[in-house]
Amino acid sequence: MPELPEVETIRRDLEKDAVSKKIKSVSVTGKRSTRRHPAPQDFINRLEGRKIAGVTRKGKYLLIRLDNKDVLVTHLGMSGQLQRVKSPKDPEEPHTHVVITFTQGGQLRFVDPRTFGEMFVTSEDGLVADVPELAHLGFDPLDAAISWTEFARMLMQRRAMLKPLLMDQEFVAGIGNMYADEILFAAGLRHDRISNSLTAQEIRRLYRGMVETLTEAIKHRGSSLADEQYRDIFGDSGDFQSLHRVYDREGQPCRRCRAVVVREKVAGRSTYFCPQCQV
DNA sequence: CGATCTACCTGATGGC
DNA sequence: TGCCATCAGGTAGATC
């Protein structure tokens, strides 16, 4: 569920709240969440005693940097949440798989019902300024913005439908099913337009739509849909969903032209768009 | 190369 | 009330 704006919201909160905290103890109850490690104890050993030095992000991955150049990488998958609690006595929610307790008090908990998310500790590759596990990711549209002419070049090199391309993490990192639809509406482009058929003006609209939609969503602390699955580290919802122009608005009037918003299945995923505004 | 399907999981919801 | 199908913000791998 969480896409770039939700992960960035979490990153900013952790940056303020968790940096310089020292990890006193770690418990892993859901082995699947640390599946990249041969055993949970590996994961625990690399964390205990470390201090949090900083928090960065690439696409939907959160990188919690430690004081020894190791990095705790977290991906929330479809249903993952990070919860910052004041006391170990706070009741644990079901599906709490990893609990990090700080020396200064309080905990950071990883909760993930569907277990598509994960946490792992790895080392930064000094040469690439990245961790090897994330080397496949494309550029981050906010953290490592590229010029629109470079974006144009990338689009022209491909012959793919726009929506799957925007969701391809190797092409651009951080956009998922929800923001892809919102970005395409902002750009006035249909999901099935072919990347190398866009005019220069359309490319510019797509680029702007991408940057502006993601930036606006971060200002509103991300989107929390009806199931309230996305919450920030303090348990609060985002409110960008109230500004969605197409996603989850099937049958409702387009906010721009009043035409009815349509939902279609594209590659197995729900796709919402305005048949009038998007061409 | 690009598109489509499957698998990985749990939980909520709606129809009957 | 139960049961079944469908759906859900993600990713990776297989197949055509």
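Sequence lines set the chain letters: A, B, ... in the order given, protein chains first and strands last, and positions in each chain run from 1. The figures here come from the full heavy-atom set of this structure, side chains too, leaving out hydrogens, waters and symmetry mates.
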Closest nucleotide among B:dC9, C:dT11, C:dG9 to the A:Arg32 side chain: B:dC9

Describe the nucleic acid contact of A:Arg263 in one word from base, sugar-phosphate, nothing, applying a heavy-atom distance below 4.0 Å. sugar-phosphate

Answer yes or no for this row: A:Phe116 ring on C:dT11 base, centroids under 5.5 Å, planes under 30°. no

Would you say A:Gln169 places a side-chain N or O within less than 4.0 Å of OP1 or OP2 belonging to C:dT11? yes

Going by the glycosidic torsion and a 90 degree boundary from 0, is the base of C:dG13 oriented syn or anti? anti

Worked check of salt bridge (Lys or Arg N to Asp or Glu O under 4.0 Å) between A:Asp143 and A:Arg57: CA-CA 8 Å; A:Asp143 190 57; A:Arg57 180 187 57 73; 5.2 Å; no

For residues A:His37 and A:Phe120, establish whether the separation of their ring centroids is below 6.0 Å. no

Taking for each residue the nucleotide of DNA chain C bearing the nearest heavy atom, is the 5' side occupied by A:His136 or by A:Arg114? A:Arg114

Give A:Asn177 one of three labels, base, sugar-phosphate or nothing, depending on what nucleic acid heavy atoms sit under 4.0 Å from its own. sugar-phosphate

Provide the distance between the two P atoms, one in C:dG9 and one in B:dG2, to the nearest whole Å. 24 Å

With a 4.0 Å cutoff (strictly under), does any side-chain N or O of A:Arg158 reach OP1 or OP2 of B:dG2? yes

What I'd like to find out is whether the side chain of A:Val7 reaches to under 4.5 Å of the side chain of A:Leu4, using heavy atoms alone. no

Taking the side chain of A:Lys60 as heavy atoms from C-beta outward, which of C:dG9, B:dC8, C:dT11 is closest to it? C:dT11

When you get a sec, tell me which of C:dT11, C:dG9, B:dT4 is the closest nucleotide to the side chain of A:Tyr247? C:dG9

So what does A:Gln229 touch, heavy atoms closer than 4.0 Å: a base, only the sugar-phosphate, or nothing? base

Chi angles and distances behind the side chain to side chain contact (heavy atoms under 4.5 Å, CB included) call for A:His75, A:Met119: CA-CA 6 Å; A:His75 193 289; A:Met119 283 183 140; over 6 Å; no

Nearest-neighbour nucleotide for the A:Ser270 side chain, C:dA8, B:dA3, C:dT11 considered: C:dA8

Among C:dG9, B:dC9, B:dT10, the one nearest A:His95 by side-chain distance: B:dT10

Using a cut-off of less than 4.0 Å, is there contact between a side-chain N or O of A:Arg269 and OP1 or OP2 of C:dG9? yes

Just to be sure I understand the rule, does A:Tyr179 reach a base, reach only the sugar-phosphate, or reach nothing, if contact means heavy atoms closer than 4.0 Å? nothing

By the 4.0 Å heavy-atom rule, please label A:Leu225 as base, sugar-phosphate, or nothing. base

Using a cut-off of 4.0 Å on non-hydrogen atoms, how would the nucleic acid contact of A:Pro2 be classed: base, sugar-phosphate, or nothing? base

Scan A:Lys265 against the nucleic acid and name what it touches under 4.0 Å (heavy atoms): base, sugar-phosphate only, or nothing. sugar-phosphate

Considering residues, nucleotides and ligands other than A:Arg159, do more than 12 of their heavy atoms fall under 6.0 Å from its CZ? no

Please confirm whether the shortest side-chain N or O distance from A:His244 to OP1 or OP2 of C:dG9 is below 4.0 Å. no

Distance, P atom - from C:dT6 to B:dT6, rounded to whole angstrom: 13 Å

